[in-house]
Amino acid sequence: MPVIDADAIADVADRLFDAIERADTALIERLWDDDVLVWHSGDREDNDRPRALRVIYWFIKRTADRRYEILDRQLFDGGFVQQHILHANCRNGASISMRVCIVIKLGGNGLINRIDEYFDPAEMAPLLESADSQRN
């Protein structure tokens, strides 16, 4: 498996979070390997690519804007770990600020093939209330 250099890893990280901020779902899809597996706090098992993309699309649809406040990012051979605060304004006027630790691994092709995301699910309550209010 080819070694991915630090600049390429940092570039994928920057492009991923920028794409989420801008709601560029096409770029998110291009950055993810076909066999990517994603796990979030509270998940019982890994999500495959289609399920994980539905979660991203749901999040983007429920928020008017998103911003990552990066607290720390450490690169390692084949990926990175990042701590950030995800700020988002919900479409109902509420907002969230979630502290997150995310571990992302890249395959030999330079695409994301594993995501493990750790956060307190309680911090998503305003977003979930936004979803409930949109159903009523």
Side-chain angles (χ1 to χ4, degrees):
M1 177 171 21
V3 175
I4 303 164
D5 70 24
D7 290 338
I9 294 169
D11 181 60
V12 168
D14 291 341
R15 290 189 306 146
L16 174 66
F17 294 108
D18 179 63
I20 296 169
E21 285 180 345
R22 294 181 299 103
D24 185 346
T25 55
L27 178 55
I28 295 166
E29 289 183 30
R30 287 193 306 272
L31 291 171
W32 285 14
D33 196 353
D34 290 340
D35 295 328
V36 67
L37 292 174
V38 180
W39 177 88
H40 304 98
S41 297
D43 287 348
R44 291 181 186 249
E45 56 189 44
D46 294 337
N47 293 299
D48 63 8
R49 189 176 198 271
R51 169 91 173 108
L53 285 172
R54 283 194 302 273
V55 171
I56 291 280
Y57 301 154
W58 176 86
F59 174 73
I60 288 171
K61 182 179 177 184
R62 296 288 187 251
T63 55
D65 56 80
R66 297 142 302 279
R67 180 177 61 84
Y68 288 91
E69 178 185 345
I70 298 173
L71 305 174
D72 187 32
R73 179 186 292 164
Q74 299 291 318
L75 305 181
F76 59 84
D77 187 20
F80 66 97
V81 61
Q82 176 172 297
Q83 295 178 48
H84 58 253
I85 299 174
L86 171 56
H87 302 277
N89 292 308
C90 305
R91 298 229 178 251
N92 71 349
S95 64
I96 61 170
S97 291
M98 289 181 20
R99 186 163 182 141
V100 177
C101 180
I102 192 165
V103 181
I104 295 183
K105 297 178 182 175
L106 308 181
N109 59 5
L111 298 176
I112 297 168
N113 67 4
R114 177 76 195 182
I115 301 173
D116 291 283
E117 189 173 29
Y118 303 85
F119 58 88
D120 180 355
E123 293 181 346
M124 289 187 64
L127 181 60
L128 298 173
E129 291 164 9
S130 171
D132 289 340
S133 69
Q134 289 180 8
R135 277 184 246 151
N136 295 332

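Judged as a salt bridge (charged side-chain N to carboxylate O under 4.0 Å, His left out), and not counting sequence neighbours, Arg51 has no contacts. For Asp43, the side chain to side chain contact (heavy atoms under 4.5 Å, CB included) test picks out Trp39, His40, Asn47, with sequence neighbours left out.
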Where do Ile85 and Leu71 land on the side chain to side chain contact (heavy atoms under 4.5 Å, CB included) test, with the steps shown first? CA-CA 7 Å; Ile85 299 174; Leu71 305 174; 3.9 Å; yes
Could you walk me through whether Val38 and Glu117 pass side chain to side chain contact (heavy atoms under 4.5 Å, CB included), step by step? CA-CA 8 Å; Val38 180; Glu117 189 173 29; 5.6 Å; no
What do the steps show when you test Arg67 against Asp65 for side chain to side chain contact (heavy atoms under 4.5 Å, CB included), and what is the final call? CA-CA 7 Å; Arg67 180 177 61 84; Asp65 56 80; 5.9 Å; no
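Proximity of Ile102 to Ile115: side-chain heavy atoms (C-beta onward) are separated by under 4.5 Å at one or more points. The shortest side-chain heavy-atom distance between Leu111 and Val36 does not fall under the 4.5 Å cut-off. With contacts defined as side-chain heavy-atom distances shorter than 4.5 Å, the pair Glu21/Tyr68 qualifies. In this structure, Ile96 and Glu123 have side chains that are not in contact, with every pair of non-hydrogen atoms separated by 4.5 Å or more. Counting only heavy atoms from C-beta outward, the side chains of Leu106 and Val12 approach each other to under 4.5 Å. Contact of the Asn113 side chain with the Lys105 side chain is registered, since non-hydrogen atoms from C-beta on lie closer than 4.5 Å. Proximity of Arg15 to Leu27: side-chain heavy atoms (C-beta onward) are separated by under 4.5 Å at one or more points. Proximity of Ile56 to Trp32: side-chain heavy atoms (C-beta onward) are separated by under 4.5 Å at one or more points.
In this structure a side-chain-to-backbone donor-acceptor pair under 3.5 Å is present from Asp5 to Ala8. No donor-acceptor pair under 3.5 Å is formed between the side chain of Gln83 and the backbone N or O of Val100. When atom types are taken as modelled, the side chain of Gln82 and the backbone of Cys101 share no donor-acceptor pair closer than 3.5 angstrom. Of the possible polar contacts, one joining the Arg91 side chain to the Lys61 backbone as a donor-acceptor pair under 3.5 Å is found.
Note: the hydrophobic cluster containing Val103 does not contain Leu37 (ILVMFWY, side chain heavy atoms under 4.5 Å, direct or indirect links). Linking Ile, Leu, Val, Met, Phe, Trp and Tyr whenever their side-chain heavy atoms come within less than 4.5 Å puts Tyr57 and Leu31 in one cluster.
Note: Phe59 CZ to Ile20 CD1 = 8.0 Å, rounded to the nearest 0.5 Å. Interatomic distance, CG of Asp48 versus CG of Asp35, reported as 10.0 Å (0.5 Å rounding). Once rounded to the nearest 0.5 Å, the distance linking CG of Asp34 with CG of Asn109 reads 9.0 Å. Interatomic distance, Arg66 CZ to Leu86 CG, rounded to the nearest 0.5 Å: 9.0 Å. Separating the CG atom in Asp18 from the CG atom in Asp24 is a distance of 8.0 Å, to the nearest 0.5 Å. To the nearest 0.5 angstrom, Leu16 atom CG is 5.0 Å from Ile104 atom CD1.
For the pair Arg114 and Asp46, the salt-bridge criterion is met [side-chain N within less than 4.0 Å of a carboxylate O].
Residues Ala10 and Arg73 share a closest heavy-atom pair of O-NH1, 3.9 Å. Nearest approach of Phe17 to His84, heavy atoms of both residues: CE2-CE1, 3.9 Å. Among all heavy-atom pairs drawn from Ser41 and Tyr118, the shortest one is OG-CA, 3.2 Å. Contact detail for Asn92 and Pro126: the closest heavy-atom pair is ND2-O, 4.4 Å. Ser95 and Asn89 get closest at one heavy-atom pair: CB-OD1, 3.3 Å. Heavy atoms only, all atoms of each residue included: Arg62 and Leu127 are closest at CB-CD1, 3.4 Å.
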